[in-house]
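The structure appears right after this line, and notes come after that.
Worth saying up front: this structure is predicted, and the values here are computed from it rather than measured.
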2 protein chains.
Amino acid sequence: MYAPERQQEILRLARDGGRVDVVSLAEEFQVTAETIRRDLKALDRAGLLRRVHGGAIPAGRLDFEPDLAERESTAADEKDRIARAALAELPAEGTLILDAGSTVARMAAAIPPDASLTVVTHSLPIAARLADHPGIQLHIVGGRVRHRTRAAVDAWALRAYGEIRADVAVVAANGFSVEHGLTTPDLAEAAVKRAALTAARRVVLLADSSKYAQEHFARFGALDDVDLLITDTGLTPEDAGDIERAGTEVVRA
Amino acid sequence: MYAPERQQEILRLARDGGRVDVVSLAEEFQVTAETIRRDLKALDRAGLLRRVHGGAIPAGRLDFEPDLAERESTAADEKDRIARAALAELPAEGTLILDAGSTVARMAAAIPPDASLTVVTHSLPIAARLADHPGIQLHIVGGRVRHRTRAAVDAWALRAYGEIRADVAVVAANGFSVEHGLTTPDLAEAAVKRAALTAARRVVLLADSSKYAQEHFARFGALDDVDLLITDTGLTPEDAGDIERAGTEVVRA
DNA sequence: CACGTCGATGCCCGTTCATGCCTGTTTGAG
DNA sequence: CTCAAACAGGCATGAACGGGCATCGACGTG
């Protein structure tokens, strides 16, 4: 049996039974578990299956994105520390722009109940989290909602940010460096991020150290657009020094 | 059972029953409480559930009614029937405006996974629910978010609806009658509803029979702005007749 | 036909993941 | 205010994972 045949069959089994597991597939097709894993990985990349630990589930069967429901990764811990440190940078009252991103979301979730803020965001998860916060006047920025990030983008979002002026913007980036500035994989999202940080008097960037020196497709600003970078101790003091010389204050939480 | 499957099921149970608790989930799935806690934490981080001591409640509930035990569940039953009937009125493809409201939210949650639609909504819970639907191009309408209904209102929302034209709008009302039309308690919300139904070629009203002959503070349209009313069998045939004579088709689910 | 290439598969081994158990701390109901 | 239940964090364990390397057979070229 050829690999594509086997994968086809695996897909059928998965759709049929709602799930498959590596060990029984290996037994079934008389191959090793490694081979099955490679098959599942291929099907996962093709978007036909969703890989889970121990097996796979047909795509679309789960009505939420598991990559949003990130498990206990090691990064989660550092993101939490960054989020807590960021909290200290929030004004006691005033207006705040919150970018999309898991670290920002975590910070939003930790905003104390007695805070009194006006918050503007284009992130759906963050808005959902803050909607019932009694002290927060929430404004959602409209637009087309990207599936992967659940953030609003395009014309409505750009125009909305063009019409406001906030005290602080808390933004995230997939990559940042002194030379290439702030980057993210998606162009539409980059445009909104740029609009968001332009609309604020003070810009705070939350990014764990793994993002340093990364560059992605779309650039949305220079590092000196950022007034304060909050990151973790994974960033070397030398790198921190480079960034500070470029004019951005650095906090290593 | 894989962790994501279990989490999916927990989410379903939570949305279904309004709440879940750690101990019964642990029993139900034959795992320890620690594992359930980890699941709930993951779902909480993803913004799908709100963690509380002892369990969790679904994020973005429209109203936290004190006891949704019995009185709610009977109403829920009828709302579900209305929601299902409304589903049949959706175009196979095209653009759809969804108003805020629990019945509309139920309908949105029941949109089949193979649907291919463009959906515009100013309701945060509905947007959150549809954001990961693979076949739906979702647009969120921006604006100030009202705490009680978690819907966007005011200038941004009004302008957005003024700029679009949809095939169908599915709207809800707190009260409806032939004489006083469609009413709701909040003025700002009424303005958005009016803008939403003006932006659609066809207007479908979802309202259970308890809303009939009710009038609230803010009026956002006449009954003959509505092309089709979907309600439950609690509406008497005579009342239905009155409404149909006024030019609105009535479906009693 | 001989030889080199390449893709598929299997094997090995260090790493990660999911889960359970334990312990000290926090929470909230009475 | 008290106390049992719930929680968080640390640790242990076995299964699952994934990258690197070896093998094997199919294929193509000279």
Side-chain angles (χ1 to χ4, degrees), chain A residues 1-11 13-14 19-46 49-57 62 64-84 87 102 106 109-110 112-114 208 210 232-234 253, chain B residues 1-11 13-14 19-46 48-57 64 66-67:
Chain A
M1 170 174 269
Y2 301 123
E5 292 181 295
R6 194 180 48 239
Q7 289 171 15
Q8 192 63 31
E9 188 64 10
I10 289 173
L11 187 56
L13 286 171
R19 63 202 305 274
V20 288
D21 75 277
V22 174
V23 205
S24 7
L25 287 174
E27 208 166 294
E28 168 91 14
F29 293 111
Q30 288 294 301
V31 292
T32 56
E34 286 87 336
T35 304
I36 297 296
R37 285 199 202 98
R38 284 187 258 249
D39 288 338
L40 294 183
K41 192 198 272 184
L43 289 165
D44 181 60
R45 265 207 280 267
L49 286 186
R50 166 118 320 137
R51 190 74 163 82
V52 301
H53 197 86
I57 295 172
L62 295 176
F64 68 94
E65 287 293 331
D67 48 334
L68 284 168
E70 49 180 278
R71 297 291 283 181
E72 309 293 310
S73 60
T74 50
D77 202 41
E78 320 208 310
K79 287 184 177 182
D80 268 332
R81 281 211 306 284
I82 294 173
R84 271 197 301 278
L87 223 44
S102 61
R106 224 164 277 192
D114 59 340
D208 61 82
S210 72
D232 56 74
T233 49
Chain B
M1 168 174 268
Y2 303 127
E5 290 182 298
R6 194 178 49 238
Q7 289 166 17
Q8 167 78 16
E9 190 63 11
I10 289 173
L11 185 57
L13 287 170
R19 60 192 316 274
V20 287
D21 75 277
V22 174
V23 204
S24 8
L25 287 174
E27 208 165 294
E28 168 92 14
F29 293 112
Q30 288 292 300
V31 292
T32 56
E34 286 89 333
T35 303
I36 297 295
R37 285 201 199 95
R38 284 186 258 247
D39 287 338
L40 295 183
K41 192 200 261 182
L43 290 166
D44 179 64
R45 278 197 174 143
L48 298 161
L49 286 186
R50 175 63 53 94
R51 191 73 164 78
V52 297
H53 195 85
I57 57 174
F64 346 91
D67 60 323

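- With sequence neighbours excluded, the residues forming a salt bridge (Lys or Arg N to Asp or Glu O under 4.0 Å) with B/R50 are A/D132, listed by chain and number.
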(request) Run the numbers on A/Q7 and A/L11 for side-chain contact (heavy atoms from CB on, under 4.5 Å), then give the verdict. (result) CA-CA 6 Å; A/Q7 289 171 15; A/L11 187 56; over 6 Å; no
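- Spacing between atom CG of B/L25 and atom P of C/dG20 amounts to 13 Å, rounded to whole angstrom units.
- For the OP1/OP2 pair of D/dC7 and a distance below 4.0 Å, the side-chain nitrogens and oxygens of B/R51 include at least one atom meeting the criterion.
- Taking the side chain as every heavy atom from C-beta outward, B/V31 and B/M1 never approach each other to under 4.5 Å.
- When distances run from any side-chain atom of A/K41 to the nucleotides D/dG19, D/dG9, C/dT9, the shortest one goes to D/dG19.
- Considering only side-chain atoms of B/E34, the nucleotide from D/dG19, C/dC21, D/dC17 that sits closest is C/dC21.
- To the nearest 0.5 Å, atom OG1 of residue A/T32 and atom CZ of residue A/R38 are 7.0 Å apart.
- The distance from atom CG of A/L40 to atom P of D/dC17 is 8 Å, rounded to the nearest whole Å.
- Here the side chain of B/V23 is nearest to one of C/dG10, C/dC22, D/dA6, namely D/dA6.
- Take the nearest nucleotide of DNA chain D for A/D21 and for B/D21: the residue whose nucleotide is more 5' is B/D21.
- Nearest nucleotide to the A/T32 side chain, out of C/dG28, C/dC21, C/dC11: C/dC11.
- Following rounding to the nearest Å, B/R6 (CZ) and C/dC17 (P) show an atom-to-atom distance of 16 Å.
- If you take CZ of A/R37 and C1' of C/dC17, they are 12 Å apart, rounded to a whole angstrom.
- Spacing between atom OH of A/Y2 and atom C1' of D/dC27 amounts to 12 Å, rounded to whole angstrom units.
- Remark: P of D/dA16 and CZ of A/R19 are 12 Å apart, rounded to the nearest angstrom.
- In this structure, CG of A/D39 is placed 17 Å from P of D/dA16, rounded to the nearest angstrom.
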